[in-house]
Structures are given as structure tokens and as C-alpha cells.
Amino acid sequence: MEKDKVILFDPKKKFFKFLKYGFRRYFTFDVYSDLNHFEAIMNNYSRVVFVIYSENILNDFIRISQKGVPIMVFTSEPEIFEQLKEINKVYLFDISKVKSEMLSELKSHFHLMS
């Protein structure tokens with residue numbers, strides 16, 4: 001069985017290891033911190049994950065989200081959560097939770113996307 005490919009934009013690369021080790025049985029992950037390269041190849045993946053740490057990254061995300069690709073957004077910033085609630089095809093995920101809670105929610109979410 002071939003694994004789904006997930007592309008992850010994570011400038012700090014904090015969540016790459018978390019996702020890779022939590023879901024490596026189901027997905028193949030590629031991580032990028034260079035937005036230009038990420039944007040050019042993101043349509044080649046079945047799932048897109050975008051980690052937003054600040055307003056600067058939020059502006060980049062808004063430009064990319066207009067391409068119509070379903071994207072999962074990780075953030076711990078309440079202001080960013082509020083700004084993104086209205087965007088279609090975006091699944092918001094709070095990364096301020098404990099790891100076990102995040103794993104449980106992500107397993108449910110990834111199952112629903114299959």
C-alpha cells in the first residue's frame with residue numbers, strides 16, 4: 001500500500017519530527033522552510049500542512065490559500081486563529097495542546113480526510 005504524501009511548511013521545523021514519528025506508518029512527509037519552493041510543488045501532494053508562528057507567515061499563507069488546495073494550519077496564536085476561521089478549505093489546529101491530545105485529534109482528522 002502506497003502512503004499518501006504530505007508537504008509541510010514549517011520555518012522552525014518544530015513539528016516535522018512530531019508528525020513524522022506520529023504518522024510515519026500512514027504518510028510520507030517532506031518539510032520545507034523556503035516558501036517559494038513550497039508553493040511551486042505543493043500541488044504534487046495529497047495533504048498540505050502549514051505552520052504559522054507569526055503575522056509575517058500569515059500573510060504568506062493567505063496568498064497560498066487562494067490557490068484552492070485544502071490546507072491544514074497549525075498555530076498557537078489566538079489572533080491568527082480568528083483571522084483564519086473564515087477561509088474555506090482550511091482546517092485549523094491548535095498546537096498549544098499537549099502532545100497526546102494533539103496526536104489523538106490529528107489521528108481523527110487524518111482518518112476523516114482519507
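Starting from 1, each residue takes its place in the sequence as its number.
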Q: Indicate whether the side chain of Q83 and that of E55 have a donor and an acceptor atom separated by less than 3.5 Å.
A: yes

Q: Determine whether the side chains of S54 and N56 contain a donor N or O and an acceptor N or O closer than 3.5 Å.
A: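 Looking only at side-chain atoms, N56 and S54 do not form any donor-acceptor pair under 3.5 Å.
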
Q | Chi angles and distances behind the side-chain hydrogen bond (donor to acceptor under 3.5 Å, both in side chains) call for Y32, D10 | A | CA-CA 6 Å; Y32 292 90; D10 186 358; over 6 Å; no

Identify the heavy atoms of [X] and [Y] that sit nearest to each other, and give their distance.
X: S33; Y: K13; value: OG-CE, 4.0 Å
X: F81; Y: F93; value: CZ-C, 3.7 Å
X: F23; Y: L103; value: CE1-CD2, 3.8 Å
X: L19; Y: L106; value: CD2-CD1, 3.8 Å

**Q.** Audit row: I52, L84, side chain to side chain contact (heavy atoms under 4.5 Å, CB included) steps and yes/no
**A.** CA-CA 11 Å; I52 301 177; L84 294 176; 3.9 Å; yes

Q: Apply side chain to side chain contact (heavy atoms under 4.5 Å, CB included) to the pair V49 and F74, showing each step before the final yes or no.
A: CA-CA 7 Å; V49 177; F74 285 27; 3.7 Å; yes

Q: Might you confirm whether atom NZ of K17 has over 12 heavy atoms from other residues, nucleotides or ligands at distances under 6.0 Å?
A: no

To the closest 0.5 Å, what do you measure between [atom1] ([X]) and [atom2] ([Y])?
X: L92; Y: T75; atom1: CG; atom2: OG1; answer: 8.5 Å
X: F29; Y: K20; atom1: CZ; atom2: NZ; answer: 10.0 Å
X: I57; Y: L35; atom1: CD1; atom2: CG; answer: 9.0 Å

Q. Can you find a pair of side-chain heavy atoms, one from V90 and one from F61, that are under 4.5 Å apart?
A. yes

**Q.** Side chain proximity check, F15 to M102, heavy atoms < 4.5 angstrom
**A.** yes

Q. Could K12 and F16 be counted as a cation-pi pair, given that NZ or CZ must be under 6.0 Å from the ring centre and within 45° of the axis?
A.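 Because its charged atom misses either the 6.0 Å distance or the 45° angle limit, K12 does not stack over F16.
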
Q. Does K3 make a cation-pi contact with F27 (under 6.0 Å, within 45 degrees of the axis)?
A. no

Q.
The test is side chain to side chain contact (heavy atoms under 4.5 Å, CB included); show your working for F38 and V48 and say whether it passes.
A. CA-CA 10 Å; F38 177 86; V48 178; 3.6 Å; yes

Q) Has the side chain of S46 got a donor or acceptor atom that lies under 3.5 Å from a matching backbone atom of D4? A)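 It does not hold such a pair.
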
Q: For the pair D30 (side chain) and I7 (backbone), establish whether a donor and an acceptor sit closer than 3.5 Å, ignoring hydrogens and angles.
A: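 Looks like no, no N/O pair under 3.5 Å.
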
Q) V51 and L8: side chain to side chain contact (heavy atoms under 4.5 Å, CB included), yes or no, with the steps? A) CA-CA 8 Å; V51 184; L8 170 66; 3.8 Å; yes

